[in-house]
Every structure is written in structure tokens, then in C-alpha cells.
Amino acid sequence: MKTHHNMEKIVIIGGVAAGATAAAKARRLSASAHITLLEAGPDISFANCGLPYYIGGDIENRSSLILQSPESFKEQYNVEVHTHTLVSSIDRQAHRVVAMDVRSGEQKNFEYTKLILAQGGRPVTPTLPGADLRHVFTLWTLEDMDNISRHLSENSPKSAVVVGGGFIGLEMAEALVKRGLKVHVVELMPHVMSVMDAETAGFITAELMAYGVDVHTRVGVTEITSSQVQLDDGMLIDADMVLLSIGVRPTLQLAREAGLQIGESGGLLVDAYLQTSDPDIYAAGDMVEIDHRVNGKKVRIPLAGPANRQGRIAAENALGGHHPYKGSIGTSVVRVFEAVAGITGLSLKQARAVGFDADAVVVHKEHHTSYYPGSEPVTVMLVFDKATGIVLGGQTAGYKGADKRLDVIATAVASKLTVSDLADIDFAYSPPIGTANDAMNMAAYAAENKLSGYSPSVTAGEVDALVDGKPVLFIDVRDVFAFEKSHVNGARHIPLELLTGQIDSLPHDRLIVVYDETGKKGHQAVRTLVNAGLSHVVNISGGHQSLQRLALTVGFQHVKVALLPIEAKRINDEKQEKTTEAQQAPMQGEGPVLVDVRTPGEFLMGAVPGAVNIPLDELDRRYGELGNNSGRDITVYCASGARSAYAQMFLQQLGYTNVKNGGGITRMMAMYRQQAS
């Protein structure tokens with residue numbers, strides 16, 4: 001790299017993520033280069049990703065979003081900053097840019113030895129009636145944020161329509177709910193977060209609906225009036241304000257007029273060193289097209305992370321460096337209320353579309369041990385190449401721990417790790433932090449099992465194509481309470497614990513599709529059936545949870561699944577544990593008694609009729625409720641038979657002589673129904 005930069009004049013056009021980062025990096029590389037930053041707007045180096053959170057009240061102080069001012073940038077980096085300065089042309093021969101101060105009209109010329117373009121993009125504004133009304137907004141700058149905040153404060157709108165269900169649209173939907181508005185989201189694609197698979201997006205959709213947001217998909221807006229929005233299906237929605245968030249278009253007019261080459265994806269063409277078709281002009285951020293690291297295709301990825309990294313590299317190379325930018329894998333994550341979902345690399349559909357013989361698996365597993373308080377399930381989808389096992393991409397979703405697993409997949413994709421590599425990684429574990437076999441390990445095991453043929457599976461998104469026109473038997477291996485709430489129409493209910501006893505009644509000439517709640521017991525069911533000689537058996541990866549999310553978003557053509565009700569949530573709701581009232585009085589009589597020793601929450605989910613709930617943890621102080629008759633006929637049961645074995649032993653030690661362990665609830669329910677019939 002050059003060490004003398006006395007003659008270098010670096011001019012950077014654009015002063016937010018890529019531009020400000022490039023300016024700071026250039027100064028760190030050279031104490032003597034003359035560095036000038038030109039920004040068309042009033043602000044430089046502001047946290048544009050934070051704008052929705054200020055509107056929603058999560059970020060209290062506007063000043064927190066201002067990372068640098070022209071004055072602080074000059075003081076800290078000795079960079080000349082000109083805001084309100086619109087560049088009108090680039091004279092490539094003379095190495096000069098012509099600009100104008102938009103406040104005074106004064107024209108200025110800036111000479112350069114190297115030019116870095118970092119103009120980013122602008123929100124796409126549709127040409128539809130009413131798009132220019134005063135209560136219609138986009139969100140891209142601090143000025144946009146101020147306009148929205150002012151409208152909320154001064155006009156107290158009651159209803160809003162957010163047009164576009166991408167990152168900014170959904171973050172703004174949350175912000176407006178937090179400000180007390182009734183919010184509708186309108187998305188032209190089949191589901192919100194269209195970059196993700198339907199079942200990942202289904203997790204976010206359910207969260208939106210829980211907070212009262214109405215989600216309208218596969219529809220567009222035809223007109224905006226002063227008080228309503230009309231959709232192309234004829235529906236009218238009341239809207240005191242409208243936010244347009246339908247995409248970002250790169251700012252390319254200046255580059256085009258300068259004769260710089262535009263790439264195939266519609267972004268400014270740069271080489272591996274972020275050099276444009278002019279060797280003295282570099283570019284970074286939302287305006288450029290780059291290589292996708294997985295498939296090598298040219299893509300535009302308008303994200304803050306890649307923009308910042310490109311800004312650093314462009315500055316380095318403009319000052320004589322030879323640092324290649326390896327491309328992006330498009331890792332992106334969104335949090336909507338408490339729900340988090342993200343994607344990295346390729347989705348299954350994208351992987352197959354670009355020629356990979358790809359497959360995918362889904363697991364839902366607790367983010368830390370289930371016995372430690374606060375455990376929440378996290379979803380992991382892994383997409384991999386069937387020929388090599390190399391991880392091509394993945395998605396995650398959950399209330400806790402989704403971001404951590406997404407970063408693991410991103411690292412695997414960037415490093416070209418295989419699913420077997422992932423299976424063997426030691427992840428951080430202690431009961432409040434993780435599990436001994438992390439969700440990532442479990443996803444990798446599921447992928448290995450699918451690749452080897454040991455446990456055939458399909459994703460929820462593949463179920464429709466699998467059953468189209470074929471005689472298929474669905475077997476639901478969950479417990480009776482889960483089955484009664486929702487199941488695949490026509491499915492045969494055989495709880496896993498009873499499956500072995502019913503194998504002889506199953507057909508050998510039909511495809512059998514098994515599923516449970518998350519996919520884990522479905523895998524056990526597949527192995528049970530395969531070991532019994534049935535060869536046409538497949539598990540639904542992700543189980544009923546995945547089916548629900550897909551049904552909520554895009555639905556099925558050949559399969560029907562009843563949607564479970566979505567529990568309403570409110571901002572600042574405190575989660576309260578469900579409890580049952582303990583029976584304080586001794587149980588009357590001397591007759592047989594059935595005791596459910598599961599937790600009150602489990603008991604509320606469904607219990608054997610006539611059972612009383614004395615949780616195992618409370619048995620030492622509540623056993624007196626069983627009466628004084630030590631010979632009384634007592635049957636204890638739990639979820640699997642493990643806790644009830646301890647309950648049986650404890651009661652026997654107390655002198656109860658006639659205590660039976662009924663085992664798990666599935667067998668108890670089967671016995672109850674047998675007796676009832």
C-alpha cells in the first residue's frame with residue numbers, strides 16, 4: 001500500500017453509512033490526504049436504522065440518532081463536510097465534481113484524485129392518486145422522521161395504513177401501534193417479509209395479528225384519499241395517515257450521466273475492489289450491485305452492514321490498497337414487537353431456482369433448557385446442497401435466541417461449512433444460556449438424517465406438492481388434546497406411545513405422512529414405521545407448528561389445517577403464568593382417586609376427565625388432601641411417566657399401600673376412552 005498521500009484529494013458523495021465510514025477510514029489510513037464529504041441532505045452519519053424506534057418511543061432522545069455533525073467530523077477526522085450540497089455533474093476528464101448549495105444556490109467545484117460514490121438509494125414512491133397528500137409519508141431521513149412525529153403529535157391520527165410489509169414497513173407498524181393507532185399492513189406479495197419463506201414469515205404475521213394489526217396480502221393500493229386507502233380488490237380502509245414502504249431504488253442519475261456502467265441487476269457496476277468502470281471512481285453502499293457469495297449472481301443488497309464494510313474497503317482501495325470485497329450473503333433480521341425472524345444466504349426456493357439440488361429441514365427447540373425459567377422455542381431452518389452437504393442458507397425465528405442462531409448459519413454459509421461440520425460444533429451451554437444439544441446441532445442432525453435417508457422428511461412448504469393427486473395417509477402422533485384443537489383434515493390420530501400397537505392396521509401401498517408438534521416425535525415415528533417394514537414413510541419437518549405458520553400466510557391447496565386462535569396481546573402487558581386453584585379441602589370419600597402430578601399450566605392444556613391436579617413439587621405439602629385412608633386406590637400420572645414414578649415412590653414412603661403409576665397422559669387417555677366405550 002502507498003504510504004505517501006500528500007497529493008491525494010478524496011471526494012466522497014453521500015454522507016450516511018458507506019460515505020461516512022469511507023471518510024473515517026480514509027483519514028485513519030492517511031494523515032495528509034485532503035478528504036471532502038458532500039451530502040445533499042441536512043444530516044450526515046445518522047442512525048437511519050433507528051428511525052422507527054424513535055417514532056415508537058423505544059429511543060427517547062432524537063439526539064441519540066445523530067452520530068456525527070459536520071463540526072464533529074471536522075474535529076475528529078479533519079474531513080471537510082458540506083451538507084445541503086447537491087452534486088449536479090462529474091467531469092471525469094478534469095477530475096472535478098460540480099455541486100450547488102441548495103439553500104443559497106451557490107455553485108461549487110471540488111477537484112479529486114479519487115472519487116467515492118456513496119449516494120445510497122431512495123424509497124420508491126408509487127405513481128398513484130393521492131400519493132402526494134400531506135398525510136402520506138416515507139421514512140428514510142431524520143427529516144422524514146420529524147415529519148411523521150409532528151403529524152402524530154399535532155393531528156392525533158387514529159388509524160394508519162402501512163403499504164409494504166418489509167423491514168421498515170413492519171418496524172413502523174409496530175411503532176404506530178405503540179403510538180395508539182389502529183394499523184393495517186398492505187403487501188402485494190403472498191406474505192409479509194417476502195424475502196423469507198412463508199413459515200418463517202408466519203411467525204411474524206401471528207405476532208402482528210396478536211397486537212391487532214390487520215394484514216392484507218396479495219393486494220395493492222389503487223388510491224389514497226384524505227381519510228381512506230382503496231385496495232385493488234375494492235376494499236376501503238380508514239387511514240388518517242399512510243406510510244409508503246415498498247422498496248428502495250438506487251440513486252444512479254449522477255453515475256449514469258457521468259457514463260459509468262450500470263450492472264445487470266440495476267445497481268452501479270463495480271469490480272471486486274469496488275472500482276467502477278472509471279479507475280479513479282469507487283462506489284459503495286445501496287447504490288452498487290455486488291456478488292452474492294453463495295451463487296455468484298449480481299445482486300443489490302441495501303443493508304447497513306454491507307454498506308459499512310464496503311465504505312471501509314472503497315476508502316482503502318482509493319488510497320492504493322488492494323482489498324477485495326468478497327460479496328454479501330444478505331443476512332438480515334427483523335424484530336416486530338417481541339418476535340424476531342431472520343434469513344441468511346439462499347432460501348430453499350432461491351437455491352433451487354439458481355440450479356442447486358437443494359433440500360431443507362426445520363426444527364423448533366427451546367432456546368435454553370426447558371427446566372430453567374423463561375425458556376422459549378426457537379425455529380431453525382437449514383438449506384443445504386444435497387450433493388455436498390454444504391450449508392447454502394437458513395432462517396430463524398423466535399422470541400429469544402433467533403439472532404444467535406442466525407449468526408451461526410451466516411458463518412457456516414460464508415465459510416462453506418457442511419451440515420456435518422455444524423453437527424459437531426460445541427455451542428455455549430449452561431441451563432440459562434442454551435441446551436446441551438443446541439437447536440443448531442439438532443437442525444444439523446435432522447439434515448444429516450435426511451441426506452442419508454435415515455429419516456425422510458419434507459418441509460411444510462413441500463407438503464402440497466407431495467400429496468397432489470396421490471393417495472396419502474396422514475398420521476398425527478401428538479396427544480389427544482393437541483389433535484382436537486387442530487389437525488390435518490382426514491389425519492388418523494395415533495399418539496406416538498400407541499403407534500407400535502397399531503402398525504398392523506396401516507397400509508403398505510400408500511404414502512404415509514407423519515407429523516407431531518415440532519418434528520422430533522415425527523422422526524421417532526418414521527423410525528418406528530421403517531423398522532416395522534413400511535418403506536413409504538415421510539415426516540413433516542417442523543411438524544404442526546410449521547403447518548400452522550404456512551396455513552396462516554399462504555395456505556395449502558391440497559391440505560386443510562384448522563387455524564389455531566391467536567391470543568391477543570397488548571403493549572406493556574405483563575405475562576402472567578396460568579395457574580389453577582389448588583384444592584384445599586381433603587377429597588371426599590374413600591373411593592379411587594386419579595392424581596395428575598404435572599404443572600398447573602400443563603394441566604390446563606388438557607387432562608384425564610375426573611383427575612385432580614397436585615403438581616409433584618407440591619405433593620410433599622398437599623398429600624393430606626388424599627385423605628387418611630392409607631389403603632385408598634390412588635393412580636398418579638404425568639406427561640411421560642417419569643414424574644409420576646417419583647410421586648408413586650414418595651406416597652409409598654408415606655405409607656400409602658395402594659398407589660399405581662399410570663404413566664403418561666396418552667396411555668391414560670386411551671384407557672379412559674376404552675372404559676368409556
Asker: What pairs of residues pass the salt bridge (Lys or Arg N to Asp or Glu O under 4.0 Å) test when at least one of them lies in residues 191-208, not counting sequence neighbours?
Answerer: Glu207-Lys569
Asker: Is it true that, when you exclude Arg335 itself, more than 12 heavy atoms of the residues, nucleotides or ligands shown sit nearer than 6.0 Å to its CZ?
Answerer: yes
Asker: Report the residue from Thr200, Thr205, Thr379 that forms a side chain to side chain donor-acceptor pair (under 3.5 Å) with Arg549.
Answerer: Thr379
Asker: For atom CZ of Arg293, decide whether the heavy atoms of other residues, nucleotides or ligands shown that lie under 6.0 angstrom number more than 12.
Answerer: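 Yes, enclosed.
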Asker: Show, in sequence, the C-alpha distance, side-chain angles and deciding distance for Tyr211 and Glu338, and conclude whether the side chain to side chain donor-acceptor pair (under 3.5 Å) test is met.
Answerer: CA-CA 10 Å; Tyr211 279 94; Glu338 285 85 43; 2.6 Å; yes
Asker: Scan for salt bridge (Lys or Arg N to Asp or Glu O under 4.0 Å) pairs involving residues 258-284, sequence neighbours excluded, and state none if there are none.
Answerer: Arg92-Asp278, Lys114-Asp280
Asker: Quiz question: by atom type and distance under 3.5 Å, do the side chains of Glu289 and Ser265 form a donor-acceptor pair?
Answerer: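 There is such a pair (donor and acceptor under 3.5 Å, judged by atom type) between the side chains of Glu289 and Ser265.
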Asker: Go through the structure and list residues passing ring pair (Phe, Tyr, Trp, His ring centres under 6.0 Å) with Tyr54, not counting sequence neighbours.
Answerer: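 Applying ring pair (Phe, Tyr, Trp, His ring centres under 6.0 Å) to Tyr54 gives none.
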Asker: Give every donor-acceptor pair under 3.5 Å between a side-chain atom in residues 155-167 and any protein atom, sequence neighbours left out.
Answerer:
from	atom 1	to	atom 2	distance (Å)
Asn155	ND2	His151	ND1	2.9
Lys158	NZ	Ser156	O	3.3
Ser159	OG	Asp238	O	3.4
Ser159	OG	Asp240	N	3.1

Asker: May I have all residue pairs that pass salt bridge (Lys or Arg N to Asp or Glu O under 4.0 Å) and include part of residues 348-357, sequence neighbours excluded?
Answerer: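 Applying salt bridge (Lys or Arg N to Asp or Glu O under 4.0 Å) to every pair that reaches into residues 348-357, excluding sequence neighbours, yields Arg352-Asp359, Arg352-Glu462, Asp357-Lys386.
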Asker: With a 4.5 Å heavy-atom cut-off, do Ile224 and His135 have their side chains touching?
Answerer: yes
Asker: Show, in sequence, the C-alpha distance, side-chain angles and deciding distance for Leu51 and Leu142, and conclude whether the side chain to side chain contact (heavy atoms under 4.5 Å, CB included) test is met.
Answerer: CA-CA 7 Å; Leu51 305 182; Leu142 284 169; 3.9 Å; yes
Asker: Are the charged groups of Asp214 and Lys182 less than 4.0 angstrom apart, N to O?
Answerer: yes
Asker: Considering all heavy atoms of both residues, which atom of Gly202 and which atom of Leu552 are nearest to each other, and what is their separation?
Answerer: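 In this case the closest contact between Gly202 and Leu552 is O-CD2, 3.7 Å.
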Asker: Can you list the residues that meet the side-chain hydrogen bond (donor to acceptor under 3.5 Å, both in side chains) rule with Arg134, with sequence neighbours excluded?
Answerer: none
Asker: Output all residues satisfying salt bridge (charged side-chain N to carboxylate O under 4.0 Å, His left out) with Asp91, sequence neighbours left out; order by chain, then residue number.
Answerer: Arg96
Asker: Applying salt bridge (charged side-chain N to carboxylate O under 4.0 Å, His left out), name anything that partners Lys74, two or more places apart in sequence or on another chain.
Answerer: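 Partners of Lys74 by the salt bridge (charged side-chain N to carboxylate O under 4.0 Å, His left out) criterion, ordered by chain and then number, come out as Glu80.
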Asker: Which heavy-atom pair separates Phe73 from Ala24 by the least distance, and what is that distance?
Answerer: CZ-N, 4.3 Å
Asker: At their closest point, which heavy atom of Pro52 faces which heavy atom of Cys49, and how far apart are they?
Answerer: CD-O, 3.8 Å
Asker: With a 4.5 Å cut-off on side-chain heavy atoms, are Gln119 and Leu268 touching?
Answerer: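 SC-SC contact between Leu268 and Gln119 ruled out.
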Asker: Should the heavy atoms of other residues, nucleotides or ligands under 6.0 Å from CD of Glu223 be counted, would the total exceed 12?
Answerer: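 Yes, because the 6.0 Å sphere around CD of Glu223 holds more than 12 heavy atoms from other groups.
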Asker: Going by salt bridge (Lys or Arg N to Asp or Glu O under 4.0 Å), name the pairs with one or both residues in residues 48-60, residues two or more places apart or in two chains.
Answerer: Asp58-Lys178
Asker: Check the surroundings of atom NZ in Lys297: do more than 12 heavy atoms from other residues, nucleotides or ligands lie under 6.0 Å from it?
Answerer: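 At most 12 heavy atoms, drawn from other residues, nucleotides or ligands, come within 6.0 Å of this atom.
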Asker: Show me, pair by pair, the donor-acceptor contacts under 3.5 angstrom made by side chains of residues 253-261, not counting sequence neighbours?
Answerer:
from	atom 1	to	atom 2	distance (Å)
Gln253	NE2	Glu257	OE2	3.0

Asker: Salt bridge check: are Lys9 and Glu111 linked by an N-O gap of less than 4.0 Å?
Answerer: yes
Asker: Measuring from Asp291:CG to Ile329:CD1, what's the distance to the nearest 0.5 Å?
Answerer: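 Reported value, rounded in 0.5 Å steps: 14.0 Å.
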Asker: Can you name the nearest heavy-atom pair linking Ala201 to His191, along with the distance?
Answerer: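 Scanning both residues completely, I find the closest heavy atoms to be CB-ND1, 3.3 Å.
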Asker: Between Leu252 and Met287, is the side chain to side chain contact (heavy atoms under 4.5 Å, CB included) condition met? List the steps.
Answerer: CA-CA 7 Å; Leu252 295 176; Met287 67 185 299; 4.2 Å; yes
Asker: Would you kindly say whether His323 and Asn317 are connected by a side-chain donor-acceptor distance under 3.5 Å?
Answerer: no
Asker: Evaluate the side chain to side chain contact (heavy atoms under 4.5 Å, CB included) criterion for residues Val87 and Val98: first the C-alpha distance (whole Å), next the side-chain angles of each, then the deciding distance (0.1 Å), finally the verdict.
Answerer: CA-CA 6 Å; Val87 177; Val98 179; over 6 Å; no
Asker: After noting the C-alpha distance and the side-chain angles of Thr141 and Asp43, does the key distance pass the side chain to side chain contact (heavy atoms under 4.5 Å, CB included) rule?
Answerer: CA-CA 8 Å; Thr141 65; Asp43 306 291; 5.9 Å; no
Asker: Does Met189 have more than 12 heavy atoms from other residues, nucleotides or ligands lying within 6.0 Å of its CE?
Answerer: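 No, because the 6.0 Å sphere around CE of Met189 holds 12 heavy atoms or fewer from other groups.
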Asker: Looking at the rings of Tyr399 and Phe203, which for Trp means the six-membered one, are their centres under 6.0 Å apart?
Answerer: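 When the ring centroids of Tyr399 and Phe203 are compared, they turn out to be within the sub-6.0 Å range.
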Asker: Tell me, do Leu38 and Thr36 make a side-chain contact under 4.5 Å, heavy atoms counted?
Answerer: yes
Asker: Does any part of the side chain of Asn147, heavy atoms only, come nearer than 4.5 Å to the side chain of Phe137, both counted from C-beta?
Answerer: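 In contact.
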Asker: Would you please classify the geometry between the His216 ring and the His184 ring as parallel, tilted or perpendicular, with 30° and 60° separating the classes?
Answerer: parallel
Asker: List the atom of Leu348, the atom of Ala360, and the distance in Å for their closest heavy-atom pair.
Answerer: CD2-CB, 4.0 Å
Asker: Show your reasoning for whether side chain to side chain donor-acceptor pair (under 3.5 Å) applies to Ser45 and Gln68.
Answerer: CA-CA 5 Å; Ser45 192; Gln68 293 279 3; 5.6 Å; no
Asker: What residues form a side-chain hydrogen bond (donor to acceptor under 3.5 Å, both in side chains) with Tyr53, not counting sequence neighbours?
Answerer: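 Once residues adjacent in sequence are excluded, the partners of Tyr53 under the side-chain hydrogen bond (donor to acceptor under 3.5 Å, both in side chains) criterion are Glu171.
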Asker: Enumerate donor-acceptor pairs with a distance under 3.5 Å from any side-chain N or O in residues 11-19 to protein atoms, sequence neighbours excluded.
Answerer:
none

Asker: Dump the intermediate steps for side chain to side chain donor-acceptor pair (under 3.5 Å) on Asn308 and Thr21, then the final yes or no.
Answerer: CA-CA 6 Å; Asn308 277 283; Thr21 301; 2.7 Å; yes
Asker: Can you give me the closest heavy-atom contact between His84 and Pro42, atom names plus distance?
Answerer: CE1-CB, 3.3 Å
Asker: Report yes or no: does Gln548 contribute a side-chain atom to a donor-acceptor pair with the main-chain N or O of Gln545 at less than 3.5 Å?
Answerer: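 The answer is no, because no donor-acceptor pair under 3.5 Å joins these two groups.
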